[in-house]
**Q** 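Here you go, one structure.
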Amino acid sequence: MSKGKSTAVTDELYAYMLAHNPPLDAVQRELVETTHRQLPEYARMQSAAEQGPLLAFLVRLIGARHIVEVGTFTGFSALSMAQALPADGRLITCDVSEEWTAYAREAWAKAGVADRVELRLGPALDTLRAMPAEPHIDFAYVDADKENYVPYWEELVPRMRQGAVIAADNVFWGGGVTDQDATGAAAAIKEFNDRVTADERMESVMIPVADGVTLSRKR
């Protein structure tokens, strides 16, 4: 099947897109720069610049008040979502690194949204399983260890309200998902993508944003 109207995203076109998206604010820009400066070997783990405004847009679009994030890193995505929450909204974000999330805490405080964000350190599956079992989550963002994407999905879906949305990052895995002999993270993402497509509890669409994002809505 052909790519239809797909357009190759050159560096110039990418810059054009960013220029026509909501700009990052001073705290967001500082956090992005700090992450690249202090953690150059891991900075690729940070959500892309265009994903911050996209996540904020989705949070506002569905009127989310209760968000769960799996994978905090240095807090750029959580910052973007927390800024889009109403003052009484709440975001629970899960990670295992005190070092990386220290940058996140500082940024949330600078942006004045620290009171909306609760960081839970420890294995995310334990955190998710400790949450109320009934549907109560409006929006979830998954961007953590790829081998656990399927377990994260299975814990999140029953806890999502009708009409709630899950966004999953890195569903292309750099193109590795097209490898019939994929192993490791690529194989895990392939399994996740197949699981999402077959899950009748959700309606899903995969879009070519950054390294691929799947948006799934609870039926």
**Q** In terms of ring plane angle, is the pair F73 and W100 parallel, tilted or perpendicular, where the classes change at 30° and 60°?
**A**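 If you compare the ring of F73 with that of W100, the planes turn out perpendicular.
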
**Q** Is it true that the side chains of S47 and Y141 contain a donor and an acceptor less than 3.5 Å apart?
**A**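 Note: S47 and Y141 side chains meet the donor-acceptor criterion.
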
**Q** Taking the side chain as C-beta and beyond, is there a heavy-atom pair between L39 and E99 under 4.5 Å?
**A**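 Yes, at least one pair of side-chain atoms sits under 4.5 Å.
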
**Q** Using a strict 4.0 Å threshold on nitrogen-to-oxygen distance, state whether E33 and R29 make a salt bridge.
**A** no

**Q** Does any non-hydrogen side-chain atom of T35 lie less than 4.5 Å from one of Y103?
**A**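 Not touching, per the 4.5 Å side-chain cut-off.
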
**Q** So for atom CZ, which belongs to R219, do other residues, nucleotides or ligands contribute more than 12 heavy atoms lying within a distance under 6.0 Å?
**A**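 Buried by this count: over 12 neighbours within 6.0 Å.
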
**Q** Any side-chain heavy atom of I137 sitting closer than 4.5 Å to one from I67?
**A** no

**Q** What residue pairs, at least two apart or across chains, pass salt bridge (charged side-chain N to carboxylate O under 4.0 Å, His left out) with a residue in residues 145-155?
**A** R129-E155, D143-K146, E154-R195, E154-R201, E155-R159

**Q** Could you check whether any side-chain heavy atom of D25 comes within less than 4.5 Å of a side-chain heavy atom of Q83, counting everything from C-beta outward?
**A** yes

**Q** Go through the steps for V9 and M17 under the test side-chain contact (heavy atoms from CB on, under 4.5 Å), then give the verdict.
**A** CA-CA 9 Å; V9 180; M17 176 189 68; 5.8 Å; no

**Q** E118 and T93: side-chain donor and acceptor closer than 3.5 Å?
**A**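 There is no such pair (donor and acceptor under 3.5 Å, judged by atom type) between the side chains of E118 and T93.
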
**Q** Quick one: hydrophobic cluster around Y16, which other residues, with the 4.5 Å side-chain cut-off, linked directly or via members?
**A** L13

**Q** Restricting to side-chain hydrogen bond (donor to acceptor under 3.5 Å, both in side chains), what partner residues turn up for R217, sequence neighbours left out?
**A**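 Partners of R217 by the side-chain hydrogen bond (donor to acceptor under 3.5 Å, both in side chains) criterion, ordered by chain and then number, come out as E203.
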
**Q** Step by step, would you call V177 with V171 a side-chain contact (heavy atoms from CB on, under 4.5 Å)?
**A** CA-CA 8 Å; V177 291; V171 296; over 6 Å; no

**Q** Should we say atom CD of E134 is surrounded by more than 12 heavy atoms from elsewhere, each under 6.0 Å from it?
**A** yes

**Q** For the residue pair T214 and S204, what are the closest heavy atoms and their distance?
**A**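 Reported closest heavy-atom pair: CG2-CB, 4.2 Å.
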
**Q** Applying side chain to side chain contact (heavy atoms under 4.5 Å, CB included), name anything that partners A210, two or more places apart in sequence or on another chain.
**A**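 If we apply the side chain to side chain contact (heavy atoms under 4.5 Å, CB included) test to A210, skipping adjacent residues, the hits are A48, E50, Q51.
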
**Q** I'd like to check H66 versus H136 (side-chain heavy atoms, cut-off strictly below 4.5 Å). Are they in contact?
**A**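 In contact.
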
**Q** Sequence neighbours left out, what passes side-chain hydrogen bond (donor to acceptor under 3.5 Å, both in side chains) with Q38? Give chain and number order.
**A** none

**Q** Among all residues two or more places apart in sequence or in another chain, which pass the ring pair (Phe, Tyr, Trp, His ring centres under 6.0 Å) test with F192?
**A** Y149, W153

**Q** Do other residues, nucleotides or ligands put more than 12 heavy atoms under 6.0 Å from the OH atom of Y14?
**A** yes

